*Asks:* 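Before I ask anything, let me first share the structure, which is written out below as structure tokens.
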Amino acid sequence: MRGQLKSAFKSVMGNPTLAMINMAGGVPHPSTFPIMQLRATIKSPSSSSAPSNRESTLELEKSCRSKSAESLDELLQYGDGCGIDSYCAFLRRYTQRVHCPRYADWGVIASCGNTDAIGKAVSLFCEPGDSILVDRWTFPGALSSLASAKVQPIPVPMDSEGMIPEALDNICHMWSGSAPPRAIYLVPTGQNPTGTTMSLARRKAIYTVAQKHNLAIIEDDPYYFLQLPSVSSSSHLHREVELSDQGQDLIPSLLSLDTDGRVIRLDSFSKILAPNLRCGWITAPTYILDKIQILNESTILQPSGLSQGLISKLLNDTWGFDGWEAHLRELRALYTLRRNLFIQAVDRHLAGLVEYTVPTAGMFLWMKINLGNAAADPTAMSRLLGNMKKCGVMMAPDMPFSSSGPSATMESATGGMPERYLRAAFALVDIDMFELGLKRLAQAIASVSDAHSATTCSPATSLDAVRSDITHLDVNSQ
Ligand SMILES: Cc1ncc(COP(=O)(O)O)c(C=O)c1O
């Protein structure tokens, strides 16, 4: 960030006031914007106080500003690097309500989602050649951002609750490289790819280590609102899920534990409204947001005004806090149902072939694959992926998530047989396809672990091929 200057134009001009006759900017006149009105039909969350199946209409008018949302002309016009006022105001109030930050000078700024925000947060703390502490398995989009910034990921071992604080402390303590790491990047809830969620105790322990070594924490938390009830064993999973209210308390975020202003929290609407709205928000101390504003002004300016306007009107007017929270509860109920049915189907078809921990947030099941006789064979995983393709099922292999590079993926944590994993997402595929998909996986694993048997899967039907392509697209990018 040292080399990043505030826009030279803005530094000279400042912000125009209404009293000025503004002839400075290359700004089109709003009368040239042909979009006169935008109307959207919005579904009411079924667990809200509104009658279920009710819909409401949301309207944005060309030049008429409502009490809580800007006019279309304002949304369509150039803006600053902070985001639309009403959008940020809602998110500030909501962040206060959910996370109650413990220091005064915090704020929120609009982002184009967490992929955009990760790169910006990293560039605040790392220079090319620096290192950053990350989960052993992590989001490939973050690894790409680090590679572009020429920042080295330092893998921290994980267990069933994510990053291990003692391991983090040990790495910092034993550090012998030139510049010690200044930041941790982690996904505390429904981690991608492992599905792990940090307990409150784990979050506190990670925060204490961050304080000890003076590390900033980049809290990438797109699955925060998708926390699911925990289960003591998969036999306790039931098909019936209360859609009305699960009364579940969300585990406090790292932001809500932060007393020093060392957490940069990244939230996204991708998993809780729709991904291609390309909208999210960053919460951090205001002096950090000032820097992100500069970065926004030299890259995206801000997310699309139409997306922000739509979200702002939806959250401020159409749904309000109550409707928004009802929508989130409905999502949690839906993902709970999907997770439970998926785990039941895994137990039916993959017993002995995989090991897993039941995820308590998000949309991923991380399965350790038992490759039997083929476990020591370095080609086993690529043969498995080939067989899965032939059988017509696609899941994400472990390698793209490895923060230690491809060769380390082959090493076992225990020094024994190499451990190999697949990440299954239970969010997109039709529930009716769980059984068939997992049966196909079982066939594919069996045909690798028993070297003598040929793959006996029937070729995918055309419908299945389409479904597999959709899953493939999702897996590749996310
Ligand atoms: C951990 C994590 N961070 C960020 C993203 C990307 O989020 P966005 O769509 O907001 O860029 C994903 C999406 O899969 C993710 O799993």
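Small disclaimer: the values here were computed from a predicted structure and weren't measured. Every heavy atom of this structure was used, including side-chain atoms; hydrogens, water molecules and symmetry mates were not. Each residue takes its place number in the sequence, starting with 1. Ligands are counted one by one from 1 in listed order, and the atoms in each one are counted from 1 as well.
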*Asks:* Assess the pair Phe321 and Tyr94: is the distance between their ring centroids shorter than 6.0 Å?
*Replies:*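 Judged by ring-centre distance (under 6.0 Å), Phe321 and Tyr94 do meet the cut-off.
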
*Asks:* For ligand 1, which atoms, with element, lie under 4.0 Å from some heavy atom of Gly113?
*Replies:*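 What qualifies from ligand 1 is 10 (O), 11 (O).
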
*Asks:* Could you list which atoms of ligand 1 come closer than 4.0 Å to a heavy atom of Arg278?
*Replies:*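 Answer for ligand 1: 8 (P), 9 (O), 11 (O).
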
*Asks:* Measuring centre to centre across the rings, with the benzene-like ring taken for any Trp, is Trp137 within less than 6.0 Å of Tyr421?
*Replies:*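 Yes.
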
*Asks:* N/O to N/O below 3.5 Å, does that happen between Asn114 and ligand 1?
*Replies:*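 Yes, at least one N or O pair falls under 3.5 Å.
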
*Asks:* Which residues pass the ring-ring contact (aromatic ring centres under 6.0 Å, His included) test with Phe434, not counting sequence neighbours?
*Replies:*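 ring-ring contact (aromatic ring centres under 6.0 Å, His included) list for Phe434, sorted by chain: Phe342.
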
*Asks:* Should Gln191 be listed as contacting ligand 1, given a heavy-atom distance under 4.0 Å as the test?
*Replies:*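 No; Gln191 lies far enough from ligand 1 that no heavy-atom distance drops under 4.0 Å.
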
*Asks:* If a pair satisfies side-chain hydrogen bond (donor to acceptor under 3.5 Å, both in side chains) and one of its residues is in residues 144-155, list it, with sequence neighbours excluded.
*Replies:*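 Residue pairs with at least one partner in residues 144-155: there are none.
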
*Asks:* Is it the side chain, the backbone, both or neither of Asp220 that has a heavy atom closer than 4.0 Å to ligand 1?
*Replies:*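 Only the side chain of Asp220 comes within reach of ligand 1.
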
*Asks:* Looking at Trp106, does the NZ or CZ of Arg92 lie under 6.0 angstrom from its six-membered ring centre and within 45 degrees of the ring axis?
*Replies:*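 Pair Arg92/Trp106 counts as cation-pi.
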
*Asks:* Does Thr115 approach ligand 1 within less than 4.0 angstrom via side chain, backbone, both or neither, non-hydrogen atoms only?
*Replies:*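 Both backbone and side chain.
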
*Asks:* Under 4.0 Å between a Lys/Arg side-chain N and an Asp/Glu carboxylate O for Asp398 and Arg423?
*Replies:*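 No salt bridge links Asp398 with Arg423.
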
*Asks:* Under a 4.5 Å cut-off applied to non-hydrogen side-chain atoms, are Ser253 and Glu219 in contact?
*Replies:*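 Yes, their side chains come closer than 4.5 Å.
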
*Asks:* Enumerate the atoms of ligand 1 whose separation from the nearest heavy atom of Val187 is less than 4.0 angstrom.
*Replies:*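 Numbered from 1, ligand 1 contributes 1 (C).
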
*Asks:* At a 4.0 Å threshold, what atoms of ligand 1 neighbour a non-hydrogen atom of Pro222?
*Replies:*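 Those qualifying, in numeric order: 1 (C), 2 (C), 3 (N), 15 (C).
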
*Asks:* Decide whether a cation-pi geometry holds between Arg136 and Phe401; the criteria are a distance under 6.0 Å from NZ or CZ to the six-membered ring centre and an angle within 45° of the ring axis.
*Replies:*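 So Arg136 doesn't make the cation-pi contact.
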
*Asks:* At a 4.0 Å threshold, what atoms of ligand 1 neighbour a non-hydrogen atom of Ser270?
*Replies:*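 Ligand 1 atoms under the 4.0 Å threshold to Ser270: 8 (P), 9 (O), 10 (O).
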
*Asks:* Is ligand 1 less than 4.0 angstrom away from at least one heavy atom of Gly141?
*Replies:*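 Flag not set, Gly141 not near ligand 1.
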
*Asks:* Less than 4.0 Å is my threshold; does some heavy atom of Tyr223 fall inside it relative to ligand 1?
*Replies:*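 Tyr223: in contact with ligand 1 (<4.0 Å).
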
*Asks:* For ligand 1, which atoms sit closer than 4.0 Å to a heavy atom of Lys271?
*Replies:*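 Atoms satisfying the 4.0 Å criterion: 13 (C), 14 (O).
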
*Asks:* Give the atom numbers and elements of ligand 1 that come within less than 4.0 Å of a heavy atom of Ser268.
*Replies:*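 The list of qualifying atoms is 8 (P), 10 (O).
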
*Asks:* Answer with yes or no after comparing the ring centroid distance for Phe426 and Phe364 against a 6.0 Å cut-off, counting only values under it.
*Replies:*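 So the answer is no for these two rings.
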
